[in-house]
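Below, chains carry the letters A, B, ... as their sequence lines are ordered, and counting in each starts from 1. Since the model is a prediction, treat every value here as computed from it, not as a measurement.
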There are 2 protein chains.
Amino acid sequence: MNFTAKKIAVLLRQRGYKLTPQRRVILDAIADGHDHLTPAAIYEKVKREHSNIGLVTIYRTIGLLTELGLICEVHSGGNCRSYLLRRPSEHHHHLICSDCGTVVDFTSCDLSEVEQKLSDDTGFDINGHLLEFLGRCRSCQTTTP
Amino acid sequence: MNFTAKKIAVLLRQRGYKLTPQRRVILDAIADGHDHLTPAAIYEKVKREHSNIGLVTIYRTIGLLTELGLICEVHSGGNCRSYLLRRPSEHHHHLICSDCGTVVDFTSCDLSEVEQKLSDDTGFDINGHLLEFLGRCRSCQTTTP
DNA sequence: TTGTAAATGAAAATGATTATCATCTAGCAG
DNA sequence: CTGCTAGATGATAATCATTTTCATTTACAA
Ligand SMILES: [Mn+2]
Ligand SMILES: [Mn+2]
Ligand SMILES: [Zn+2]
Ligand SMILES: [Zn+2]
């Protein structure tokens, strides 16, 4: 997405960050496609256009984008994190294909009742929740039964 | 909990696994208390009673207990996993204190409607979900305002 | 008690992430 | 346009979590 990438560029500059070619290409890599990517995967993807980029820069840029709230971290088990562009700016959740990694965002989660009940029962001061659905996307269902 | 630990011992033997003193003490460490523990934390706790145990054995035992479905993995961000005894054998979720790590299990989550809607909308074959609430337990609220 | 498959611990290997530091450059002042 | 400089980069090494390997030990059934 060019539009999104452009908006992000503006955001970066507003906060005093520089817009480097490396950041540009990392943003493109993340913004293109609907799957979640590990730092290593972003690195591989980005190296095609910017062969001498360092993996460190990927990590630094991920840190920056996280700080700006521009990417989402996906918690689908495994031993390393993966990320994708934050598409809905509002509070939302993810439906993740365990085969191809495609992520669908959804905003409709009404957990306020459950949360209230839990809070009453336990005395916890609840300040957040994590909700993710796992499954196989339509395309992956047809290719491998 | 002695009872739980004992039941687990039986389970181990049923499947042909040996009940070693190391496993015994690791089980005790996990079963005692309601907080979630990282492998390193279990290691430290266990070393007090079994000073020459290896961290590898912690990892191996965690693997074993996971395979038997006897422990839960908690996904509270951060860079390493943590575990606690699986108390309700049924499907359940966690309410986690971000200060002290205490975990409250709860079974009341009715996500079937949301799941059905998501499935209809996206064509995904949904086979699971992850739901966790984060907050501060009553005790942690009183100690640090 | 004995035999043996399973388990353990030391050590090294691997993989992910972070810290350091010399060098480079985006963006701005002049 | 040119030079300055804070911020950014990449090579390298360090750190931290986890896994592999392998020689030695041990639980437990026979
Ligand atoms: Mn998202
Ligand atoms: Mn649990
Ligand atoms: Zn898929
Ligand atoms: Zn607490």
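For A/D35, the salt bridge (charged side-chain N to carboxylate O under 4.0 Å, His left out) criterion is met by no residue, not counting sequence neighbours. Scanning for side-chain hydrogen bond (donor to acceptor under 3.5 Å, both in side chains) contacts around B/H75 gives an empty result, with sequence neighbours left out. Residues satisfying the side-chain hydrogen bond (donor to acceptor under 3.5 Å, both in side chains) test with A/T102, not counting sequence neighbours, are none. Checked against side-chain hydrogen bond (donor to acceptor under 3.5 Å, both in side chains), A/N127 has no partners two or more places apart in sequence or in another chain. For B/S112, the side-chain hydrogen bond (donor to acceptor under 3.5 Å, both in side chains) partners are B/D110, not counting sequence neighbours.
The nucleotide range of DNA chain D contacted by chain A, defined by atoms under 4.0 angstrom from heavy atoms of the protein and reported 5' to 3', is D/dA6 to D/dG10.
Under a cut-off of 6.0 angstrom, the local environment of CD in A/E90 is crowded, with over 12 non-hydrogen atoms contributed by other residues, nucleotides or ligands.
Ring planes of A/F106 and A/H93: tilted class, angle from 30 to 60°.
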Name every donor-acceptor pair, under 3.5 Å, that has one atom in a side chain of residues 118-125 of chain A and the other anywhere in the protein, sequence neighbours excluded.
{"unit_1": "A/S119", "atom_1": "OG", "unit_2": "A/F124", "atom_2": "O", "d": "3.0"}
{"unit_1": "A/D120", "atom_1": "OD1", "unit_2": "A/Q116", "atom_2": "NE2", "d": "3.1"}
{"unit_1": "A/D121", "atom_1": "OD2", "unit_2": "A/K117", "atom_2": "NZ", "d": "2.8"}
{"unit_1": "A/T122", "atom_1": "OG1", "unit_2": "A/L118", "atom_2": "O", "d": "2.8"}
{"unit_1": "A/T122", "atom_1": "OG1", "unit_2": "A/F124", "atom_2": "N", "d": "3.2"}

Would you mind writing out the side-chain donor-acceptor pairs for residues 50-61 of chain B within the sub-3.5 Å range, not counting sequence neighbours?
{"unit_1": "B/H50", "atom_1": "ND1", "unit_2": "B/N52", "atom_2": "OD1", "d": "3.4"}
{"unit_1": "B/T61", "atom_1": "OG1", "unit_2": "B/T57", "atom_2": "O", "d": "2.8"}

Donor-acceptor contacts under 3.5 Å from residues 40-49 of chain B side chains, at least two apart:
{"unit_1": "B/K45", "atom_1": "NZ", "unit_2": "B/A29", "atom_2": "O", "d": "3.0"}
{"unit_1": "B/K45", "atom_1": "NZ", "unit_2": "B/D32", "atom_2": "O", "d": "3.1"}
{"unit_1": "B/K45", "atom_1": "NZ", "unit_2": "B/D32", "atom_2": "OD2", "d": "3.3"}

Reading nucleotides 16-30 of chain C from the 5' end, what letters show protein touch, with B for base, S for backbone sugar-phosphate only, - for no heavy atom under 4.0 Å? SBBB------BS---

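An end-to-end axis angle of 30° holds for the helix from C/dT1-D/dA30 to C/dG30-D/dC1, taken from five base pairs per end and rounded to 10°.
Summarising the geometry, the separation between OH on B/Y43 and P on C/dT8 is reported as 14 Å, rounded to the nearest angstrom. The interatomic distance linking A/E44 (CD) with C/dG15 (C1') rounds to 14 Å, in whole Å.
The aromatic ring centres of B/H129 and B/H91 sit less than 6.0 Å apart.
A/K18 NZ to A/L12 CG: the interatomic distance, rounded to the nearest 0.5 Å, is 13.0 Å.
In this structure, the side chains of A/L85 and A/I8 come closer than 4.5 Å at one or more pairs of heavy atoms.
For DNA chain C, the residues of residues 45-54 of chain B within the heavy-atom distance limit of 4.0 Å (strictly under) are B/H50, B/N52, B/I53, B/G54, sorted by number.
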